[in-house]
Q: 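After the structure tokens below, expect a handful of questions from me.
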Amino acid sequence: MEHYRQHWKEMIAGLLERLATNRQIEGFTLSAEELVAEKPPKPELGDIGFPMFNVAKKLRMAPPQIAAAAAQLFVESQGTGNSLACPGELRAVGPYLNVFLDRATAAEQLVREAASDSWGASQVLAGKKVMIEFSCPNTNKPLHLGHLRNNALGESLSRIMKAAGAELKKVNLINDRGIHICKSMLAYQVYGGGRTPEEEGLKSDHFVGKYYVMFNRLKEEDPEAEDKAQALLQRWEAGDPEVIALWKRMNGWAVDGIMQTYRRQQISFDEFHYEHETYKLGKQEVLDGLARGIFYRDEEGTIWVNLEDVGLDRKVLLRKDGTSIYITQDIGTAIMRHERWPFDRLIYVVASEQQYHFKVLFEVLRRLGHIWASDLHHLSYGLVNLPSGRMKTREGTVVDADDLIDELARLATQEIEAKGRADMVGEISSVAEKIALGALHYYLLQTSPIKDMLYNPEQSLSFTGDTGPYIQYMGARSCSILRKHEEGEGNARHGRFRPELLARDGDWQLVRTLLEFPAVTSLAAQSMDPSIMANYAHEVAAAFSTWYRDNPVLVNEDPDLSATRLELVKVVRATLEKAAWMVCVPFLEVM
RNA sequence: GGGAUCAUAGCUCAACUGGAUAGAGCAACUGCCUUCUAAGCAGUAGGUCGGGGGUUCGACUCCCUCUGGUCCCA
């Protein structure tokens with residue numbers, strides 16, 4: 001659809017320039033980019049709308065007159081052998097100049113393009129190297145709902161940007177050191193008795209998380225618990241073999257469990273980094289910056305950067321004892337990444353509470369002279385709140401990732417059985433799992449990333465309405481029609497594809513929606529916003545649902561009509577499958 | 001104290017980045033399963049787009065201001 005818009009923009013820009021010439025207006029220029037293309041609110045008003053308000057002043061004419069005159073010019077020019085790559089006609093609709101595409105041609109092009117593996121792809125990010133960092137869990141507890149949103153955003157965005165032509169590298173920096181890790185270690189030393197997750201019958205990351213929570217009990221029983229945890233951290237930093245062994249053991253459990261959740265969520269990474277390998281990075285860069293006078297050292301020895309001139313504060317970059325803080329290693333990690341894999345863009349998928357941190361980080365890197373600092377981007381997303389407020393570990397209100405998927409899968413199984421579909425879907429548990437993921441991911445991605453969202457248990461566990469399973473259901477319905485055709489039903493095989501049969505309003509509505517797919521990929525990729533794709537997938541599903549109720553596919557008096565509609569169903573299937581993939585909603589051929 | 005961000009139907013969210021009558025789902029009500037899967041479709045009802053200014057031919061969208069929520073920095 002995008003190339004149609006571009007084509008008509010240029011066409012209309014040309015018409016308007018001729019109009020200016022005819023009216024002897026000196027120095028009139030109009031680039032195609034100055035025109036805004038929009039979607040008319042009703043299909044009978046046309047397919048692409050161009051408001052004439054913004055050119056009215058330059059042309060010294062009222063918008064409706066411009067539209068009428070340009071439409072007239074267009075009609076006249078058609079007689080002069082103007083062959084169009086994107087056939088259609090222009091009509092003035094009040095102050096708007098609207099394009100009515102030639103429906104048969106557009107439908108024919110749609111069916112041809114959608115048959116390709118690259119359907120829905122775009123080139124807006126062609127050749128760009130994009131690194132995206134997401135998830136970044138701590139190894140002291142299992143993943144929770146907030147991580148699921150982060151994971152879904154990161155994975156979905158990588159799929160979308162890849163479809164837009166970018167080369168992607170997904171990285172995960174696992175926070176496997178620090179005081180919080182030592183707390184779970186300490187609690188395990190006191191209460192664990194050397195037991196393993198298997199012995200307690202717990203998933204290994206939940207096992208570690210249990211001891212992290214038990215640290216709170218330890219604090220009550222032992223007033224020195226906090227100090228002991230600090231001491232443990234120091235012994236870890238000093239390389240104490242006993243502490244390192246315990247750390248390795250517990251981290252192994254935590255990471256194993258977290259990886260299981262990743263596999264279950266069907267997300268993946270190209271590279272894992274671990275904080276214990278990177279936490280010392282950045283120190284040298286800060287010292288260099290100090291030597292170059294970019295930073296300064298106070299009388300106590302702390303190294304600072306003064307960012308007051310750009311509306312940020314003074315920030316500590318290195319403590320007086322020479323130890324790094326978070327931002328120090330972020331500086332080092334970014335530099336290391338750019339050296340190893342010179343990216344055109346690095347996206348950090350991190351909660352919005354870190355906005356300040358990233359502003360400072362990017363500014364510091366810029367001051368260190370890294371021109372690529374302008375290629376860094378913080379994809380800031382809002383918190384997932386509960387109706388009762390924010391999730392809090394200490395209050396036990398955290399929604400655990402594994403438990404949530406379990407519950408969704410359980411309900412999906414119930415649903416399959418209640419609908420009497422158990423015999424048709426094949427292996428129920430596998431289908432239920434995919435429905436659970438579809439529901440979860442769509443729920444998490446349909447909202448714009450920036451906004452805080454409310455996790456409403458009832459609504460998120462529902463499979464009806466504007467949900468992932470709705471999209472999956474429409475995908476399954478499209479597959480069902482295609483399958484029945486393969487099995488010999490209907491008369492489509494006796495007909496041939498004739499795109500002009502898709503020119504009726506009812507068909508055109510669906511065709512036009514489907515035509516938008518590549519443009520949606522571009523927009524979602526450029527905006528770095530999966531919700532655009534999620535909403536589009538829903539739009540396609542809804543358009544298909546309306547359409548197939550009124551338009552029998554397999555059996556029609558005219559076999560050509562059957563054959564033609566069958567082609568359209570194939571496009572629907574391809575579009576839903578690819579769009580759903582991009583928002584991490586598993587596609588189902590049967591449900 | 002400074003800064004960021006959000007506010008749209010009873011609830012959860014959209015609105016093509018400044019354009020035509022602000023749209024979906026949930027909840028409520030009405031119809032539709034001897035017809036390609038009713039996880040569906042069609043319809044009814046529900047709105048001073050937080051308040052007030054401003055810019056513009058045109059503002060949910062941009063600017064200012066106030067209110068309220070959330071978060072960050074010290």
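Here is the naming used below: chain letters follow the sequence lines, and residue numbers restart at 1 for every chain. No hydrogens, no waters, no symmetry mates; every other heavy atom, side chains included, goes into these values. Fair warning: this is a prediction, and the values are worked out from it, not measured in the lab.
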Q: Could you spell out the base pairing of RNA chain B as a dot-bracket line? Use Watson-Crick and G-U wobble contacts where both distances are under 3.5 Å, [ ] for crossing pairs, | for partners on a different strand.
A: (((((((..((((.....[...)))).(((((.......))))).....(((((..]....)))))))))))).
Q: If only side-chain N and O atoms of A:Y455 are considered, is one of them under 4.0 Å from the OP1 or OP2 phosphate oxygen of B:C13?
A: no
Q: Check the surroundings of atom CD1 in A:I179: do more than 12 heavy atoms from other residues, nucleotides or ligands lie under 6.0 Å from it?
A: yes
Q: Just call it for A:V590: base, sugar-phosphate, or nothing, with non-hydrogen atoms closer than 4.0 Å on any strand.
A: base
Q: Report which part of the nucleic acid A:N551 touches: base, sugar-phosphate, or nothing (heavy-atom distance under 4.0 Å, all strands).
A: base
Q: Heavy atoms under 4.0 Å, any strand shown: does A:E353 hit a base, just sugar-phosphate, or nothing?
A: sugar-phosphate
Q: Taking OP1 and OP2 of B:C6, is either one under 4.0 Å from a side-chain nitrogen or oxygen of A:K451?
A: no
Q: May I ask you to say what A:K42 touches in the nucleic acid, namely base, sugar-phosphate or nothing, with a heavy-atom cut-off under 4.0 Å?
A: base
Q: According to a cutoff of under 5.5 Å between the ring centres and under 30° between the ring planes, does A:Y96 stack with the base of B:A20?
A: yes
Q: Closest approach to the side chain of A:D452, judged atom by atom: which nucleotide of B:A39, B:C36, B:U70 is it?
A: B:U70
Q: Which part of the nucleic acid, if any, lies within contact of A:K484, taking any heavy atom under 4.0 Å across all strands shown: a base, the sugar-phosphate backbone alone, or nothing?
A: sugar-phosphate
Q: Counting only side-chain nitrogens and oxygens, does A:S545 get under 4.0 Å of the OP1 or OP2 atom of B:C41?
A: yes
Q: Can you find a side chain N or O atom of A:R390 that sits less than 4.0 Å from OP1 or OP2 on B:C71?
A: yes
Q: Answer with base, sugar-phosphate or nothing: what part of the nucleic acid does A:L312 contact at a heavy-atom distance below 4.0 Å?
A: nothing
Q: For A:I532, report the nucleic acid contact type (base, sugar-phosphate, nothing); a contact means any heavy atom under 4.0 Å.
A: nothing
Q: How is A:H485 classified with respect to the nucleic acid when contacts are heavy atoms under 4.0 Å: base, sugar-phosphate, or nothing?
A: nothing
Q: Using a heavy-atom cut-off of under 4.0 Å over every strand shown, decide if A:G49 touches base, sugar-phosphate, or nothing.
A: base
Q: Would you say A:Y470 stacks on B:A39, if stacking means ring centres under 5.5 Å apart and planes within less than 30 degrees?
A: no
Q: Write down the distance separating the P atoms in B:G25 and B:G68, rounded off to the nearest Å.
A: 35 Å
Q: Whole angstroms only, please: what is the OH-C1' distance between A:Y536 and B:A24?
A: 17 Å
Q: With respect to the side chain of A:D313, which nucleotide from B:C73, B:C36, B:A39 is positioned closest?
A: B:C73
Q: Just checking A:S352: base, sugar-phosphate only, or nothing, at a heavy-atom cut-off of under 4.0 Å?
A: nothing
Q: Is the phosphate of B:A38, meaning OP1 or OP2, less than 4.0 Å from a side-chain N or O of A:R477?
A: yes
Q: Give A:S448 one of three labels, base, sugar-phosphate or nothing, depending on what nucleic acid heavy atoms sit under 4.0 Å from its own.
A: sugar-phosphate
